[in-house]
Amino acid sequence: MIFLGLNDSPMPLNNSTMPIRVGGTIYVPYTTFVANQNGGIKLGVFDGGQNKTQNTLTLFNSDAKNLTFDLRTGVSYDYYPDGERKTPTAIIRNGQIYVSASSTCAYFGLECTQGNIVFGTKYYPYIRIPQRRRQPQRPAVPGVGDHPLPHPASKLLPHRHGPDRRGARGANTTAPSRPRPAGSPGGESTP
């Protein structure tokens with residue numbers, strides 16, 4: 001099981017939305033990228049359609065980037081059939097078209113974050129695809145964000161940053177403050 005998050009929204013766990021891993025590569029349903037098929041989450045990629053005669057699938061964006069997958073071979077081209085071959089690949093499993101997540105994201109200028117979510121003592125992989133050029137936001141799903149996931153041992157380690165700095169032994173290393181003369185910056189003045 002691989003979890004999928006678009007922007008900060010976790011996708012439902014069902015056969016039409018769950019990513020799969022094949023040969024070390026994570027593939028997502030191609031509909032992951034298309035707002036009118038992924039629940040309205042706009043990633044800036046549009047469905048150019050499937051050509052059943054040529055057995056191709058095309059995705060494109062508003063920056064005039066076009067990616068056509070040859071579903072017989074799995075390879076992709078920027079313009080089919082005479083375009084330059086590209087890195088993203090496609091596979092078909094149980095009648096569903098999947099595209100390689102990280103290379104398809106890279107082609108369209110999207111981020112693709114992969115990691116693990118911890119539930120109890122088990123780790124489950126996730127993949128997160130945020131919208132292009134977005135401002136950082138707090139993740140809606142704990143552990144599915146732009147920061148590394150917290151390690152369970154991190155709660156056992158002393159906090160070593162922030163306003164209360166502590167030395168190696170945990171003792172407060174802040175020197176006592178001296179009173180400052182009245183009228184000096186930071187000094188108290190009496191009426």
Side-chain angles (χ1 to χ4, degrees), residues 1-48 50 57-61 65 67 69-71 73-76 86-162:
M1 175 179 2
I2 301 172
F3 290 90
L4 172 64
L6 300 181
N7 283 341
D8 292 327
S9 301
M11 297 302 291
L13 296 175
N14 62 49
N15 291 337
S16 66
T17 61
M18 281 183 40
I20 60 173
R21 185 184 312 264
V22 177
T25 300
I26 294 180
Y27 289 83
V28 294
Y30 84 92
T31 54
T32 297
F33 295 99
V34 183
N36 67 354
Q37 297 181 45
N38 72 9
I41 299 169
K42 297 178 181 176
L43 298 175
V45 178
F46 306 98
D47 184 357
Q50 185 178 359
L57 168 73
T58 300
L59 299 174
F60 66 94
N61 69 7
K65 291 197 99 175
L67 191 59
F69 296 91
D70 181 336
L71 299 175
T73 63
V75 299
S76 63
K86 297 297 177 183
T87 307
T89 55
I91 60 172
I92 299 175
R93 292 291 188 271
N94 297 321
Q96 173 137 332
I97 302 170
Y98 292 84
V99 296
S100 53
S102 60
S103 56
T104 301
C105 286
Y107 182 81
F108 287 114
L110 298 168
E111 261 184 72
C112 182
T113 306
Q114 297 181 30
N116 289 306
I117 297 174
V118 181
F119 289 110
T121 59
K122 295 187 178 186
Y123 291 81
Y124 297 94
Y126 76 84
I127 185 164
R128 179 174 175 257
I129 303 171
Q131 188 175 14
R132 289 190 304 166
R133 298 181 209 99
R134 71 173 188 75
Q135 296 298 319
Q137 297 175 353
R138 186 170 172 232
V141 177
V144 181
D146 296 327
H147 304 289
L149 296 171
H151 187 276
S154 64
K155 293 179 182 176
L156 303 174
L157 300 175
H159 185 64
R160 297 213 187 272
H161 58 283

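What's counted below: heavy atoms across the whole structure, side chains too, no hydrogens, waters or symmetry copies.
Using a 4.5 Å heavy-atom cutoff, the side chains of N38 and T31 are not in contact. Looking only at side-chain heavy atoms (C-beta outward), P19 and Y98 stay at 4.5 Å or farther from each other. For the pair L43 and F108, the minimum side-chain heavy-atom distance is 4.5 Å or more. The closest side-chain heavy-atom distance from F69 to I97 is not below 4.5 Å. T32 has its side chain out of reach of M11: every pair of non-hydrogen atoms, C-beta onward, lies at least 4.5 Å apart.
Taking CD1 of I26 as the reference point, atom CD1 of I127 lies at 5.0 Å (rounded to 0.5 Å). Here CG of N36 is found 7.0 Å from CG of D47. Values are rounded to the nearest 0.5 Å. To the nearest 0.5 Å, atoms CZ (F60) and CG (L67) are separated by 12.0 Å. Interatomic distance, OG1 of T104 versus OH of Y30, reported as 13.5 Å (0.5 Å rounding). Going from atom OG1 of T87 over to atom OH of Y107 covers 10.0 Å, rounded to the nearest 0.5 Å. Rounded to the nearest 0.5 Å, atoms CE (M1) and CE (M18) are 6.0 Å apart.
Here the side chain of R128 pairs no donor or acceptor atom with the backbone of L4 at under 3.5 angstrom. A donor-acceptor contact shorter than 3.5 Å is absent between the side chain of T25 and the backbone of S100. When atom types are taken as modelled, the side chain of Q114 and the backbone of P125 share no donor-acceptor pair closer than 3.5 angstrom. Judged by distance alone, with hydrogens and angles left aside, the side-chain atoms of T17 form a donor-acceptor pair with the main-chain N or O of P12 at under 3.5 Å. For D70 (side chain) and V75 (main-chain N/O), no donor-acceptor pair under 3.5 Å exists by modelled atom type.
Across every non-hydrogen atom of A35 and K42, the tightest pair is CB-CG, 3.8 Å. When all heavy atoms of A101 and F33 are compared, the closest pair comes out as O-CZ, 4.4 Å. When all heavy atoms of S76 and P88 are compared, the pair lying nearest together is OG-O, 2.7 Å.
A donor and an acceptor atom, one from each side chain of Y27 and T89, are located under 3.5 Å apart. Side chains of Q96 and N15: no donor on one and acceptor on the other come within 3.5 Å. Residues N14 and S16 bring a donor and an acceptor atom of their side chains to less than 3.5 Å of each other.
No more than 12 heavy-atom neighbours from other residues, nucleotides or ligands sit within 6.0 angstrom of CG on N94.
Using the six-membered ring where Trp is involved, F119 and F3 have ring planes that are tilted, between 30° and 60° apart.
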